[in-house]
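Keep in mind that this is a model prediction, so the values were computed, not measured. Chain identifiers are assigned alphabetically (A, B, ...) following the order of the sequence lines, protein sequences preceding nucleic acid strands; residue numbering begins at 1 within each chain.
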Number of protein chains: 2
Amino acid sequence: MSAELITVGDELLYGQTIDTNAAFIGEKLSEAGIELDFHTTVGDQPDKLLNAIGQAFNRVDIVLTTGGLGPTHDDITKKVICKFFKRQLVFHEDILKKLEKKYASQGMTMPYINQNQALLPQGAKFIDNKIGSALGIIIEDAGKIFVAIPGVPNEMKIMMTEHVIPILERRGSRRVIVHRRIRTIGITESAIYEKVKSTIDEKSAVRIAFLPGLEGVDVRLTVKSDDKEKAKEAIEDTQNQFIKKIGDYIFGYDDDELPVVTGKLLLDKKMTLAVAESCTGGWLGKLLTDIPGSSAYFWGGVIAYTDEIKIKILSVPAIVIERHGAVSIETAKYMAEGVKNLSGASIGMSITGIAGPSGGSPSKPVGLTYIGISTPEGTSAKEYHYGRDRNRNRMRASCSALDMLRRHLLGME
Amino acid sequence: MSAELITVGDELLYGQTIDTNAAFIGEKLSEAGIELDFHTTVGDQPDKLLNAIGQAFNRVDIVLTTGGLGPTHDDITKKVICKFFKRQLVFHEDILKKLEKKYASQGMTMPYINQNQALLPQGAKFIDNKIGSALGIIIEDAGKIFVAIPGVPNEMKIMMTEHVIPILERRGSRRVIVHRRIRTIGITESAIYEKVKSTIDEKSAVRIAFLPGLEGVDVRLTVKSDDKEKAKEAIEDTQNQFIKKIGDYIFGYDDDELPVVTGKLLLDKKMTLAVAESCTGGWLGKLLTDIPGSSAYFWGGVIAYTDEIKIKILSVPAIVIERHGAVSIETAKYMAEGVKNLSGASIGMSITGIAGPSGGSPSKPVGLTYIGISTPEGTSAKEYHYGRDRNRNRMRASCSALDMLRRHLLGME
């Protein structure tokens, strides 16, 4: 079965909101073996949405819209649905009562405008909304399926996972799409390609794509097949070729995230971590604590944004900063050691760099960063050269630190 | 002039990459008075891209594609352009030489595969790429304009801003689109609507949209007009109505960001800030240091992810944590005071909460968060109730802290 996603909202075309829903929906459909053939975005104008829905019904089996289901006047989706399917909006007393109860349970009175949420297209099926006030809508017509869900990300996600995907899967074909994402860090797209190109067979059923991101380069392998087992085998074969060629740079697969992978290694080795961050200002700590359960191995740290805190709390000798600068291999080493001693954690890590846009000099340009690691075996630091973009540099520094830790814990280098 | 954006890449449809380019391009076009009528996403299949380009040329004046210009085999855009415009790929010696020089200047040898980047469609104009290896392509045909630029965000951004927009603006019409984004925090979409609805005139030229996000709710005002001055006036009028009704919740307009607004207030008052973060683990520090120049007012802080660090470094009395818990109004106050005293900054702020998914109890459910502030005038803390999503809770806590600081510095409450 083929699908088209239509996302609705001026804010998407005007660029005031980044469309994160589309990625989530694309992934879920793909996992369910449904091909998302097109994704169209239209503004809050009823005629354009009507047009897009009509076009989509001409070319795919499943049409899914997100957005435009809110209670205010700029939410147009329900009206357009009624026009397209030639149905009326019907008032549902029971839905209104439920909504009022939901508000009451949180000690609030329902805003009057939310009455609109009890008006729904005749003959449609509804999807409950655990969080917000807008119900999802399902209409089956002439063998095709139409689904409308809210654009608020967490409401959309629950509805997709718990309702829409199970419904679509029950009617799905047997064709499968198998993906594997090989996640690398510390190596460029071209360098990966050079290393693996001899093993890439353009006629193979496995499609290979390189996706450079902020953390590193992902390699995506895809096979479409009627035979799930054979597809998996083909993916495994290609994956093994990559492991042979660039194994050290691979930190994980599919949904693996660098902070999770690194955290698990710490947990396995019963080690704890403390961080001292200068230019990243807390970003490394944020990445580590994004992960539930990180308190088992992450002790915390110091955001050493000024020299004073480096000296006063991390015990970096003032003379070291004076002589070598706050951005130097020496300061990085003292910072890592300082936070390790302060915390009693098994490992201390540090980041100090010139994130930019200003603060650079010919000898220490923007992008120059030092990352330190202090372990029971000793302390060392490494020099990195990133680019000119402040927040890209800071993200890359945080990821390099995690990768340095990963390599240390795996006994590499 | 009307435009269509076509973004190319399986990764966008499969949901492995979030399309941030579309938002940026939509915004830039809109600012230049060009209406982005459609945005279509297609995968890395030549036939679908060919189809999408054909469709786009039927309905708009400007067709812009991003992605698929890399050197590897999955980059299909150049081939499809040649097919659509019936042109050949031509080898450009000078472009190859430039590329090799670029690599050499960074002490690297150009990977062989990058030779492909010197192959370009016959008769096209090119856009220089300051960062990467793929040039942008411009083809004018039958009074319409076709532009292809890389999908790598920072390469795309420079090309759009420095080349594509100036070119398109020179041919633009006089019609203008004026936007204003009113940025609020601490108030829901429905509550804003209830407060302002009496002033909303559905027949007004000003279109109003509510955009709830993680930080807060944005209200977008839009006017399309032939008269720029009149459009601006209409926007100002509506904006003033909002200021009257919900002024306290407005932290800024258009591109204003909460950390920037708050940082400017600190700078104006010559005050400095230090933070003590438990559940947010560095996120507040990250947001503050995202801003260039933040070292003028941000001292740094302590990521107090364990009780030990709260006691040892922030001087929270152990008995307070024992009696009231690490997530309590008392601990929040001690943390804020502790980091203020430790740092000598004028203001100390603290965050401690139960981010989830686990760690909640009936008396202290997931989402319960305390934010503390310690100033020369005294120390206080406030209780917040967020939802169940760990990282949403942490983001909201970081923003609430910034808003608390903003309100304090403005003498509100």
Leading residue by heavy atom contact count with chain B [cutoff under 4.5 Å; candidates A:P292, A:G285, A:S358, A:G300]: A:P292

Test item: A:R388 and B:K130 side chains (from C-beta on) under 4.5 Å apart, heavy atoms: no

Which residues share a side chain to side chain donor-acceptor pair (under 3.5 Å) with B:D44, sequence neighbours left out: none

Residue, of B:V275, B:I208, B:N154, B:D255, that accumulates the most heavy atom pairs under 4.5 Å with chain A: B:I208

Portion of A:I291 that has a non-hydrogen atom of chain B nearer than 4.5 angstrom: backbone

Top contributor to chain B interface from A:S343, A:G282, A:S398 [non-hydrogen pairs under 4.5 Å]: A:G282

Taking every non-hydrogen atom, the tightest pair across A:D10 and B:R220: CB-NH2, 3.0 Å

Side chain / backbone / both / neither for A:K312 at chain B, heavy atoms under 4.5 Å: side chain

Non-neighbouring partners of A:N51 that pass side chain to side chain donor-acceptor pair (under 3.5 Å), sequence neighbours left out: none

Which atoms of A:L284 approach chain B - backbone, side chain, both or neither, heavy atom under 4.5 Å: neither

Check: A:K286 side chain, B:L287 main-chain N or O, donor-acceptor pair, under 3.5 Å: no

Which atoms of B:T280 approach chain A - backbone, side chain, both or neither, heavy atom under 4.5 Å: backbone

Chain B contact via A:H179 - side chain, backbone, both or neither, heavy atoms under 4.5 Å: side chain

Residue, of B:L29, B:V42, B:L211, that accumulates the most heavy atom pairs under 4.5 Å with chain A: B:L211

Sub-4.5 Å side-chain heavy-atom contact between B:R394 and A:D290: yes

